[in-house]
2 protein chains.
Amino acid sequence: MGRQQRYDRTETVEKAMNLFWRSGFSGTSMRDLEDCLDMRPGSIYANFGNKEHLYIESMDHYADKTFTAFKSHVENAESFMDGLGIFIRQLLFTKDNPCSCLLAKTLADINPDNAALRNKASLMIAEFEDTIVTEMDKAVTSGEISENCDIRALARIIQVQIIGLRSYAEMQKPKAVIEKLVIDALKIINTKATGKF
Amino acid sequence: MGRQQRYDRTETVEKAMNLFWRSGFSGTSMRDLEDCLDMRPGSIYANFGNKEHLYIESMDHYADKTFTAFKSHVENAESFMDGLGIFIRQLLFTKDNPCSCLLAKTLADINPDNAALRNKASLMIAEFEDTIVTEMDKAVTSGEISENCDIRALARIIQVQIIGLRSYAEMQKPKAVIEKLVIDALKIINTKATGKF
DNA sequence: TCCGTAATTGAGTGATCGTTCAAATAATTT
DNA sequence: AAATTATTTGAACGATCACTCAATTACGGA
């Protein structure tokens, strides 16, 4: 009964996410979203409530994609370190996307008094840290990572490396420069992981 | 001759910089600036041209302050590494300021099609890299840093560490967590600098 | 085929955006 | 004190902002 939906919710959120990712929350107008989603304001509001809610759903979608990519790379690769390397390079060298992390961008560009969005971003970054810990736990069991390694602390170091690399890569330096930084970052992580320090 | 200026330009830019730093370019309205600077729109436009130009001047002021702080900390400390540590901790633990770098934020939140602001930010980050190289050169001469060290590459690593730490610190994690990450980052840099790898 | 219902439309809301400029103000010079 | 010049003011501009809602459209069931 009733008219059937014209828009696939996931596809719509994907499009909105990409636009927000490029232009930021306050840098993206509802007019921009209308064009990007090919939806009229009434439809957008009927489906998502308001701009902030659409942004939140975009963040959820982003986290879902990123976490899934991380897990699949790590679990399908020969080792945790191999998978991490593939994951990081995919983040940095996929031309269509901005380099830097949407969640980090959210912490950067959302006004400090909008606690809702900031807390959400903080929480999701913390959740990613947990995901890293979970995957490293498996690598400890398999013997790749030393049992002496403080994996919670190392997960935080990995976060700093990834966020730093992605932010730095926004400068559009030559690929060789970024690749060298990736290799160094992976070495740093590997040294901590194998306990040779 | 003529009426004397009511506003000190440097003080005004300092205020604008702090507001932009907190709320971003598109997150800061001229209305916000009027309140913050205690100036009427006519005065702002007569003094700075437009919002974008005021932002550019804020970035210049930010870079000036940051570069000067870095140089003075490094040059007044016992060693390059000591000075770097003091500098980084000052960036992370000064409560009044946002943690993350204004230039990195600019790359993150300014729309990709505003090439003027993005290029400016990229250029200034590159200039900071040169400043790091210059200071490390002195440390090579003084014997603190190994002559075998690729200081240009290390300067980039330092940038990634600083940007990553500052962005991560936006999450408002406990100070002990951040301090631990700082210690680790400094260890990483020191290992590279002294050639023990 | 007509009705009930759900989804979509797009003109229109008041508020706020960045910006302008004629008028007012305060200093110096004549 | 009058004229000149530099600076500041704030009402007002058209454009755009996020958002609303009555009308329209497209479907399934009766």
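Only heavy atoms go into these numbers, but all of them, side chains included; no hydrogens, no water, no symmetry mates. A, B, ... follow the sequence lines: proteins, then strands. Residue 1 opens every chain.
- Taking atom CZ on B:Phe48 and atom C1' on C:dG18, their separation rounds to 16 Å, with Å as the unit.
- The CD1-P distance, from B:Ile44 to C:dC21, rounds to 17 Å in whole Å.
- Across the protein-nucleic acid pair, B:Tyr55 atom OH and C:dC17 atom P stand 18 Å apart, rounded to whole Å.
- The side chain of B:Asn47 lies closest to D:dT8 when the candidates are D:dT8, D:dA18, C:dT9.
- To the nearest angstrom, P of C:dA6 lies 17 Å from CZ of A:Arg9.
- Closest to the side chain of B:Ser29, from the set D:dT8, C:dG18, D:dC17, is C:dG18.
- A:Phe93 and A:Leu102 fall within the same hydrophobic cluster, where Ile, Leu, Val, Met, Phe, Trp and Tyr residues are linked whenever their side-chain heavy atoms come under 4.5 Å apart, directly or through other members.
- Inter-residue side-chain proximity for A:Tyr55 and A:Met59 is flagged as met; some heavy-atom pair is nearer than 4.5 Å.
- Looking at the side chain of B:Asn50, the nearest of the listed nucleotides D:dT9, C:dT19, D:dC19 is C:dT19.
- Between B:Gln4 atom CD and D:dT8 atom C1' there is a gap of 13 Å when expressed in whole angstrom units.
- Between B:Ser43 and D:dT7 there is no side-chain polar atom (N or O) within less than 4.0 angstrom of OP1 or OP2.
- At whole-Å resolution of the value, CE in A:Met39 and P in D:dA18 are 16 Å apart.
- When the nearest nucleotides of DNA chain C are assigned to B:Asp32 and B:Gly49 by heavy-atom distance, the more 5′-ward of the two goes with B:Asp32.
- When distances are taken from the side chain of B:Arg31 to each of C:dC17, C:dA27, C:dG10, the shortest belongs to C:dC17.
- Residue A:Arg40 contributes atom CZ, which lies 21 Å from atom P of C:dT13 at whole-angstrom precision.
- As a whole-Å value, the separation of A:Phe25 CZ from D:dC17 P is 13 Å.
- Listed here is the closest heavy atom pair of B:Ile158 and B:Met136: CD1-SD, 4.0 Å.
- Between the side chain of B:Arg6 and the base of D:dT8 there is no donor-acceptor pair of N/O atoms closer than 3.5 Å.
- Between C:dT19 and B:Tyr45, a contact under 4.0 Å exists linking OP1 or OP2 to a side-chain N or O.
- Residue B:Ser26 is out of contact with every strand shown, counting any heavy-atom pair closer than 4.0 Å.
- Candidate nucleotides D:dT8, C:dT9, D:dC17 were compared by shortest atom distance to the side chain of B:Gln5, and D:dT8 ranks first.
- Here the side chain of A:Glu34 is nearest to one of C:dT8, D:dC19, D:dG10, namely D:dC19.
- Annotation: side chain of A:Asn111 is in contact with side chain of B:Ser23 (closest heavy-atom distance under 4.5 Å).
- In terms of position along DNA chain C, the nucleotide closest to A:Arg3 lies nearer the 5' end than the nucleotide closest to the other residue of the pair A:Arg3 and A:Pro41.
- Using a 3.5 Å distance cut-off with no hydrogens or angles, the side chains of A:Ser29 and A:Asp32 do pair a donor with an acceptor.
- Distance from the side chain of B:Met30 is smallest to C:dT19 among C:dT9, D:dC19, C:dT19.
- Ring geometry for A:Phe128 versus A:Phe87: interplanar angle of 30 to 60°, hence tilted.
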